[in-house]
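In what follows, a structure is listed as structure tokens, so that the remarks can point back to it.
None of the values given here were measured: they were computed from a predicted structure. Both ligands and their constituent atoms are indexed starting at 1 by order of listing.
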Amino acid sequence: VTTVLYCGGRRGMIKSGISALDKEPVHMGTTILLIYTGGTIGMMADQQHAGVLKNVDFARIEREIPGLRNLGCRLEVRTFDPVIDSSNITPENWAELALMIRDAYDSYDGFVILHGTDTMAYTASALSFMLENLAKPVILTGSQIPIGVLRTDGKENLITAVEIAAARRDTVPLVPEVCVYFESALLRGNRTTKYSVEQLHAFESPNCPPLASAGIDITYNHSVIRPPARKQLEIHTGLNRHIALITLHPGMDTSVLTAVLAAEKLKGVVLRTYGAGNAPMDETFRQLIAEAVSRGIIFLNITQCSRGSVNMRLYETGTFLDSLGVVSGHDMTTEAAVAKMMHLLAADIPDSRKKTLLQRSLRGELSEEPSASCPD
Ligand code: ASP
């Protein structure tokens, strides 16, 4: 379903500054595609049934948020049919989003995706890999309180996400990346993780500073934002689901690990290790990993700590993984590691190349030097 909302008019432009560096409002005359997938942001109280929430009709979103008209940009709305709680998101939905963006790419200046918060960080990570050579903003947002509830955080999140998606200087978009905007912070999508179930500050980007922060003005952190790609947008909808995410814990039952590694089509494992990328050195564990590596299974080592990076050269409990051929995921989030593994395992390139690329920054998802944070 596509609906066109014409949000013309210059009223309100004085206060909606983009950054101190910008001479004039740079979102005038832009066209933004708003894609509503589902989630809390799209809910409102049902007047007929007390305590029940129902879906908002985003085609009429200007009724809920009249302020959107003052942004001076044109909004078109598309809605997933049916809308989904983000816990039900699948790689097919990611492919649907990537295809929607590709097909609409030349007709819009930016994209805003309204998404449930539960898996928003996975979707943002996956889209960052699926959309290669991105030169336009793709901003995901949602809310903790439904948009139809008085104290909602959804209105501010939505308005600012649209404003950021429309922000340009000399016709060049200010943020040509896949991002998450939430509670005043614009975060690189593949660096985010859902941090709180209850607070309005629901997302963090532990190893990468915000790309922008919204206060009275929106202040952009230009040194962190990646430049727009010069090449043509290329999309990769293929994702290999034959991966496992394994979190180590003391006393782990190796028969469970054996069963997982024996899965018939298994191709890759994201291993959530301790601290700087360490794991138990007992012989059974070592042999299980060695045997799986010899069968061509690719292991990617990320840390259970939310801040800091894997460094397998620090301890014997890390070097043995390195010597077995486990590759470092540096400071990637779990969400980015899972999405990147699915993306690279689907690529038609040799395994050795996949291992190399897993350890390199493709879309700013990791800091290659252990001490560096962002902006790779
Ligand atoms: N369960 C909801 C979802 O992720 C939660 C939310 O939107 O905050 O779709």
- Are Arg241 and Glu92 close enough for a salt bridge, meaning some N to O gap below 4.0 Å? yes
Q: Would you mind checking if Asp351 and Lys267 are paired as a salt bridge, meaning a charged N to carboxylate O distance below 4.0 Å?
A: yes
| request: For the pair Phe111 and Tyr105, name the ring-plane relationship: parallel under 30°, tilted 30 to 60°, perpendicular over 60°. | output: parallel
the protein heavy atom lying closest to atom 8 (O) of ligand 1 turns out to be Thr117 OG1, 2.5 Å
Q. Should Ala202 be listed as contacting ligand 1, given a heavy-atom distance under 4.0 Å as the test?
A. no
re atom 6 (C) of ligand 1, the protein heavy-atom contact at minimum distance is Thr40 OG1, 2.9 Å
How about Asn301 and Ser328: does a side-chain donor come under 3.5 Å of a side-chain acceptor? no
Atoms of ligand 1 under 4.0 Å from any heavy atom of Ser143, numbered from 1 in the order shown, are 8 (O)
| query | Does the cation-pi check pass for Lys136 over Tyr108, that is, NZ or CZ under 6.0 Å from the six-membered ring centre and within 45° of its axis? | reply | no
query: Less than 3.5 Å between some nitrogen or oxygen of Asp118 and one of ligand 1, yes or no?
result: yes
Check the angle between the aromatic planes of His343 and Phe129 and answer parallel, tilted or perpendicular using the 30° and 60° thresholds. parallel
Near Gly39 (heavy-atom distance under 4.0 Å), the atoms of ligand 1 are 7 (O), 9 (O)
### Message
Please report whether ligand 1 has a polar contact with Ser86, defined as an N or O pair separated by less than 3.5 Å (distance criterion only).
### Response
yes
